[in-house]
Amino acid sequence: MNFIKKYKQQIYFHLILNLIVAFSITLSSYYHIPLSGFKSYTIYFVHFLLLQFSFFGILYLLSINKYVFYTIFPILFLSLSLLGFYKYSLDITISMDLIEAIFQVSLMVSLDLISGYTLLLIAVFLLILFFIFRLYSRISVNQLKSPLLFLAVIGVISYFIVEKIRHDTFNSRLPYVAFHGVKDYLTSDEITLKKVPVEVTSEKENVSFIFVLGESVRSDHMQLNGYQKETNPRLVKRKNLISYKNLYTENTHTVASIKQILTDKSIDDPDDYNDFYSIYSILNTADFNTYWIANGDIVKGYEPIIKSNKKLLLVDKFKTVMSFNKSLDQEMFISFDSIYKKKENQFISMHMIGSHWWYENRYSDEFRKFNPVIKSKYIPSLKEENLLNSYDNTIVYLDYFLDELIKRVDKNNDSSIVMYVSDHGESLGENGKWLHAQEAEACKNPAMIVWYSDRFKNKYPEYVASLNENATKKITTDFFYHSVIDFYKIENFNYDRYQSIFRKGNF
Ligand SMILES: [Zn+2]
């Protein structure tokens, strides 16, 4: 009893502090997660409690010395609470772009952060902060000698244990995601893009190349490739369209795939090989206009490659794949329409969020062709049939997206080509594995489609013949870089012409 009495103020302080932090910061990362069923809620509740417990450890250590606490805690609390608020209200997740924007203060403008509304919010947080300080000043025991210290150390250790068991379990959520975002932003750039020799040229022929970089779409779920469900109702009716069912990659996650597809890096090169040519640097030097349109943020791991485009147009730049309220891919058409021009040497890349988990957020209701679908994000609680339906609905949406894009390009009546390549496939329950970024054959056979206009067909009959001849061959994603260079007849630059899909007799 004496024990409780002695540490009463201290226990009370940490209880209140953790309640406040839990509601204003930690819980925001769970608020938008779709869940249904007792099991899903329980799992995520335990997840949340563990995360908060680990952060309790850090807060405790911070509160041992009062000078440290009075200087560091206010900064931490105010910035994290604001991030928590924007996570709750806008589902914004910390990303490279967000950190960069915060540093450049452009976020203040873009999110209307300096509005009266936000100032009011900061005032509320300041009031809460003073309340915390008052409670803190009442602690009379030496926190370094308190038995609570033992609990705090266990809390901190639990963070490392959980992160070791499953990487990014805590790091992808507030508050830790903020520290990691800043760390990623500040650590030096690992990728070095090689400089392209200035003498690189090309015959300019007024041709538009539209490259769509897909996400998590596997070849065998395309109706075009013989899938029994009607996932491509629009594209099957298109002429001048070829589907490649035998595309392979060794890379099963986005960063590794992008680094390899858009550069001369081969799928056989080691992961840490980071010294390469960006396809965009080559095209820019040869005087083409390169555009990058994306429905998402740019990840540090491939940022320099993307930024080697002449122009970037990002739809939803402060939301990552961790956000559940993200824009649909069709939002990219607004950017596309604003730049797509007739008779210009354009190379436009469009990076989709595609079929990235959580599938239900990737398409609108009208594309919910297969039912029933998933209602929760917690995979073990879901039925395989529902998961497959949701995934296949994202392919129906892709079908719509590509068909709409082709419609726009076709209307221009120009010499154009649209090439769609997914970055990798997706594991859908094979050997008990789901999603991607893992060793699974289903992740290594991504979908690929090529469409060309009638004018293109008349202008480049030999290209079209080669595209058709190569349709059934086994190709690796290395083909892309070399094919683009070959397609534009880039001169004074070495590449592997045997990897070009625009030539016969390859593969
Ligand atoms: Zn991906």
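The analysis underlying the following values was restricted to heavy atoms, covering all of them including side chains, and did not include hydrogens, waters or symmetry mates. Remember, it's 1-based here, ligands and their atoms both numbered in the order they're listed.
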Does H424 bring an N, O or S atom to under 2.8 Å of the Zn ion (ligand 1)?
yes
Quick one: report the N, O or S atom of D423 that is nearest to the Zn ion (ligand 1).
OD2
Aromatic ring proximity, centroids under 6.0 angstrom, Y277 and F493
yes
To the nearest 10°, what's the angle at the Zn ion (ligand 1) between atoms OG1 (T254) and OE1 (E215)?
80°
Under a 4.0 Å threshold between the charged nitrogen and the carboxylate oxygen, would R503 count as salt-bridged to E469?
no
Test I348 against every option in N309, L405, I339 by the side-chain contact (heavy atoms from CB on, under 4.5 Å) rule and name the one that passes.
I339
Taking atom NZ as the centre, does K229 end up with more than 12 heavy-atom neighbours from other residues, nucleotides or ligands that are less than 6.0 angstrom away?
yes
